[in-house]
There are 2 protein chains.
Amino acid sequence: MPVGLEKAELDRIEEIVAVRRKVKRKDTLFRSGERFTSLYAIRTGVFKTQVTTEDGRDQVTGFQMAGEIIGLDGIVNNRHSCDAVALEDAEVCVMPFDRIEELSREVTALQRHVHRIMSREIVREHGVMLLLGSMRAEERLAAFLLNMVQRLHARGFSATELVLRMTREEIGSYLGLKLETVSRTLSKFVEEGLLEVNQRHVRILDEAELQRLVNPPACA
Amino acid sequence: MPVGLEKAELDRIEEIVAVRRKVKRKDTLFRSGERFTSLYAIRTGVFKTQVTTEDGRDQVTGFQMAGEIIGLDGIVNNRHSCDAVALEDAEVCVMPFDRIEELSREVTALQRHVHRIMSREIVREHGVMLLLGSMRAEERLAAFLLNMVQRLHARGFSATELVLRMTREEIGSYLGLKLETVSRTLSKFVEEGLLEVNQRHVRILDEAELQRLVNPPACA
DNA sequence: CGCCGCATTGACGTTCGTCAAGTCTAGTGG
DNA sequence: CCACTAGACTTGACGAACGTCAATGCGGCG
């Protein structure tokens, strides 16, 4: 997680990361309204984060996997403003935020790291806003699949195959679509020979075409 | 901008904030791809930030006004990933980010402040994702108007009147709607007696009803 | 005074949501 | 081990919401 630095510093960082917590499938790591104390680094498993309105609608704001950090939303008000739910049995490192702040005052590499993580999340969300605000269903789903497979590939998994840990409804919530639209669009991709889909198992057959869907060639 | 602390510290913070920059209407404060060096605190004027795809579509990711900080997107990669455009003549404080990091190692209040600003932006974007992903046009526009007037009110302006600094197209881009839909929805609100609209001048007549639009009473 | 960018409005089309029926799979208990 | 069930998924028919295209109006600035 942190970058190359000295031994004494490394020890102190490892101390922060010492506490582990297991979260079973469908359990929450934290919920909106709960007191914020720590950030969590995912060791294993996949999570979704979601925000909910008073009238019960909710929006999945992201899917997080090993190596990613969740809980940043809680810093502003010392309360979490979204739920984090495990999509499969998972384990996280509990990193007390006051310890992080304390140590990042001394270790500039850690300070930079924290800033970059938060900035990365802001940039990621810009991308989601672009997706939700100006893409059609096919484009959204293609972007989603490519993003997932790319992140999995970076973790040593296949570059063409993936197992979705979330339901069609959760994908739909993330992409601003109804589950039927997700299902139909997947079926369409299969018909067109872009994918093989077997329940939650997806194999990408034509990555180039999916990529073209996301970013149509500039028509100029 | 910073919170209550000591004199020597305050001096050093003011040093960071010393450099000003004027930006004329339609000019950019920074553009996607430019090297990131500084955060900017808006002193006067309103900005929009937007991301652009290779094929030319773009998405307004936010409107920022006095007291708000822009440029956080640049921290991850030392390059900006969005454009910041002044919607009217504006002035900002240029705050070199390495100076901010340096000083926030010594002044814990500043460190906390920086963290909270970034976290607040993440939470704000969650709200936008909710809006884009699960609200209908009327709800989006009502939410937008209430948000704008509330922020203006917090700055000493009217709680019921506002002047939009952006075009219908820019509002539409932010809300994931076409400009015609924005225009039509505004007209509908006028017909229903919720608003008075005169070009970019808007007066809110029935805030309660707008609020109900955003958050329909739990039907339980 | 005239132009140009912005806004409004109407008619029509497309995309996606809604509702409903039916299938498949995994997990459970007999 | 197998039948049963519940949750997840698929597919179709239909409709609503929003986008598209086009015509027109309005206001500010040179």
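All of these numbers come straight from a predicted model, not from anything done at the bench. Residue numbers begin at 1 in each chain, while the letters A, B, ... track the order of the sequences.
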(message) Check whether Thr44(B) reaches the backbone of Glu91(B) with its side chain - one donor and one acceptor, N or O, closer than 3.5 Å.
(response) yes
(message) Regarding His126(A) and Gln59(B), do their side chains bring together a donor and an acceptor under 3.5 Å, going by distance alone?
(response) no
(message) So for the helix from dC1(C)-dG30(D) to dG30(C)-dC1(D), with five pairs setting each end axis, what is the inter-axis angle to 10°?
(response) 40°
(request) Quickly work out the Leu195(B) CG to dT8(C) P distance and round it to whole Å. (result) 12 Å
(message) Between Arg165(A) and Glu170(A), does any side-chain N to carboxylate O distance fall below 4.0 Å?
(response) no
Pairs of donor and acceptor atoms involving the side chains of residues 24-39 of chain A, under 3.5 Å and at least two apart or interchain, shall be tabulated with distances.
residue  : atom : partner  : partner atom : Å
Glu34(A) : OE1  : Arg31(A) : N            : 3.4

(request) Could you tell me the separation between the NZ atom of Lys26(A) and the C1' atom of dA6(D), rounded to a whole number of Å? (result) 11 Å
(message) Please tell me if Arg200(B) has a side-chain N or O lying less than 4.0 Å from either OP1 or OP2 of dA7(C).
(response) yes
Name the atoms and distances for all side-chain donor-acceptor pairs under 3.5 Å in residues 180-188 of chain B, with sequence neighbours left out.
residue   : atom : partner   : partner atom : Å
Thr185(B) : OG1  : Thr181(B) : O            : 2.6
Ser187(B) : OG   : Ser183(B) : O            : 3.1
Lys188(B) : NZ   : Glu138(B) : OE2          : 2.2

(request) Applying side chain to side chain donor-acceptor pair (under 3.5 Å), name anything that partners Thr53(B), two or more places apart in sequence or on another chain. (result) Asp55(B)
(request) Quick one, give me the B/S/- string for nucleotides 10-21 of chain D, reading 5' to 3', where B means a protein heavy atom under 4.0 Å from the base and S means that only happens at the primed atoms, P, OP1 or OP2. (result) BBBB----SSBB
Review item, side-chain donor-acceptor pairs of residues 147-163 of chain B, under 3.5 Å, at least two apart:
residue   : atom : partner   : partner atom : Å
Asn147(B) : OD1  : Arg151(B) : NH1          : 3.0
Arg151(B) : NE   : Glu68(B)  : OE2          : 3.4
Arg151(B) : NH2  : Phe63(B)  : O            : 2.5
Arg151(B) : NH2  : Glu68(B)  : OE1          : 3.0
Arg151(B) : NH2  : Glu68(B)  : OE2          : 3.4
His153(B) : ND1  : Phe157(B) : O            : 3.0
Arg155(B) : NE   : Ala66(B)  : O            : 2.7
Arg155(B) : NH1  : Arg151(B) : O            : 2.9
Arg155(B) : NH2  : Ala66(B)  : O            : 2.8
Ser158(B) : OG   : Thr160(B) : N            : 2.9
Ser158(B) : OG   : Thr160(B) : OG1          : 3.3
Ser158(B) : OG   : Glu161(B) : N            : 2.9
Glu161(B) : OE1  : His201(B) : NE2          : 2.9
Glu161(B) : OE2  : Arg203(B) : NH1          : 3.4

(request) Report the distance from atom CG of Leu131(A) to atom P of dC16(C), rounded to the nearest whole Å. (result) 12 Å
(message) For Arg136(A), is there any backbone N or O sitting under 3.5 Å from a side-chain donor or acceptor partner on Glu139(A)?
(response) yes
(message) Rounding to an integer number of Å, can you tell me how far Asn198(B) CG sits from dT8(C) C1'?
(response) 13 Å
